[in-house]
Amino acid sequence: MANKVDMFITQYRFYGDYARMADDLTNKIDLKSGATIFSTNVDLFIVSSIVGVIKGEKGKPQTSGKDSSIFPDAFRTHWTQLKNAFTFVLLNGNTNTYNKVERLNKAFRNPETEQNYIEFEEYMLGGLVDIHEHLFLKDGGMFLDYLAAITQYTSSFEKPSDSAEEEDIFADLDDE
């Protein structure tokens with residue numbers, strides 16, 4: 001297995017079921033319109049990591065089977081978005097394992113660790129599965145069918161009402 005710390009600078013490969021899902025989500029969904037759900041694997045990679053954290057979904061990497069790649073040039077052209085997604089995952093992931101201060105330290109003091117990249121990849125793969133389950137129509141469909149699925153899925157991300165409690169990562173930092 002490759003060194004995870006090199007994840008954003010070397011070729012990344014989705015394998016097995018993850019490769020099939022990535023292809024489903026980046027290939028044309030409607031031949032008439034030519035539309036895709038995601039333009040590229042790197043766009044899917046970034047969004048999937050964020051969805052994985054928000055939904056609390058993780059996946060374990062597969063190392064064999066069909067593959068689908070993200071090349072280093074794609075990472076370079078999306079560097080800012082990748083680093084923002086990486087920081088978001090470290091700040092918001094594993095809230096039951098790490099307290100607020102530990103998550104802040106992971107994100108800003110020592111982000112370039114093997115464990116942080118493993119955590120990012122697990123959330124990204126979990127998000128990929130969640131996105132695929134909700135957006136890819138197994139029986140096909142027209143552009144408007146996919147648009148309806150995307151609209152329904154994204155509405156599930158709406159901010160909860162003001163009455164719901166939110167965790168403030170900066171509140172009570174002195175208590176920890």
Candidate list Val89, Val101, Asn116, test side-chain contact (heavy atoms from CB on, under 4.5 Å), partner Lys106, passing option: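 The single option meeting the side-chain contact (heavy atoms from CB on, under 4.5 Å) with Lys106 is Asn116.
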Option among Thr63, Asp67, Ile70 that satisfies the side-chain contact (heavy atoms from CB on, under 4.5 Å) test with Arg13: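 Exactly one candidate clears the test, Asp67.
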Axial cation check for Phe157 ring with Lys55, 6.0 Å and 45° limits: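 Yes, Lys55 and Phe157 form such a contact.
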Audit row: Phe75, Tyr12, ring pair (Phe, Tyr, Trp, His ring centres under 6.0 Å) steps and yes/no: CA-CA 9 Å; Phe75 286 132; Tyr12 180 85; 7.0 Å; no
side-chain contact (heavy atoms from CB on, under 4.5 Å) evaluation trace for Tyr123 with Ile50: CA-CA 8 Å; Tyr123 278 116; Ile50 295 167; over 6 Å; no
Inter-residue atom distance [X].[atom1] - [Y].[atom2], 0.5 Å rounding:
X	Y	atom1	atom2	result
Arg103	Asn92	CZ	CG	7.0 Å
Met124	Tyr117	CE	OH	13.0 Å
Asn84	Ile46	CG	CD1	9.0 Å
Leu128	Phe14	CG	CZ	6.0 Å
Asp43	His78	CG	NE2	4.0 Å
Gln11	Asp73	CD	CG	11.0 Å

Please check: side-chain N/O of [X] versus main-chain N/O of [Y], any donor-acceptor pairing under 3.5 Å?
X	Y	result
Ser48	Phe45	no
Thr10	Met7	no
Asn99	Glu102	yes

Candidate pair Leu90 and Glu119, rule side-chain contact (heavy atoms from CB on, under 4.5 Å), full reasoning: CA-CA 8 Å; Leu90 296 179; Glu119 180 181 325; 4.1 Å; yes
Determine whether [X] and [Y] fall in the same hydrophobic cluster, where Ile, Leu, Val, Met, Phe, Trp and Tyr are linked whenever their side-chain heavy atoms lie under 4.5 Å apart.
X	Y	result
Leu44	Ile54	yes
Leu147	Ile29	no
Phe71	Leu25	no
Val51	Leu135	yes
Ile118	Tyr98	no

Ring geometry between Phe8 and Phe120 (parallel below 30°, tilted from 30 to 60°, perpendicular above 60°):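 Perpendicular: the ring planes of Phe120 and Phe8 meet at over 60°.
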Minimum heavy-atom separation for [X] to [Y], with atom names?
X	Y	result
Ser68	Ala19	N-CB, 3.7 Å
Val53	Phe88	CG1-CE2, 4.1 Å
Asp23	Lys66	OD2-NZ, 2.5 Å

Pair Asp130-Tyr153, side-chain donor/acceptor within less than 3.5 Å: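 Result is yes, a qualifying pair exists.
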Side chains of Lys32 and Phe143 in contact at under 4.5 Å (non-hydrogen atoms):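 Not touching, per the 4.5 Å side-chain cut-off.
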Heavy-atom side-chain proximity of Ser69 to Asn41 below 4.5 angstrom: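 The answer is no; the side chains never approach within 4.5 Å.
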Stepwise side-chain contact (heavy atoms from CB on, under 4.5 Å) test for Glu57 and Val129: CA-CA 8 Å; Glu57 299 289 339; Val129 171; over 6 Å; no
Atom CG of Asn27: over 12 foreign heavy atoms under 6.0 Å: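 Yes, the 6.0 Å shell around CG holds more than 12 heavy atoms from other groups.
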Over 12 foreign heavy atoms within 6.0 Å of NZ, Lys28: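 Result for NZ/Lys28: open.
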Steps toward side-chain contact (heavy atoms from CB on, under 4.5 Å) verdict (Ile37, Thr26): CA-CA 6 Å; Ile37 298 173; Thr26 58; over 6 Å; no
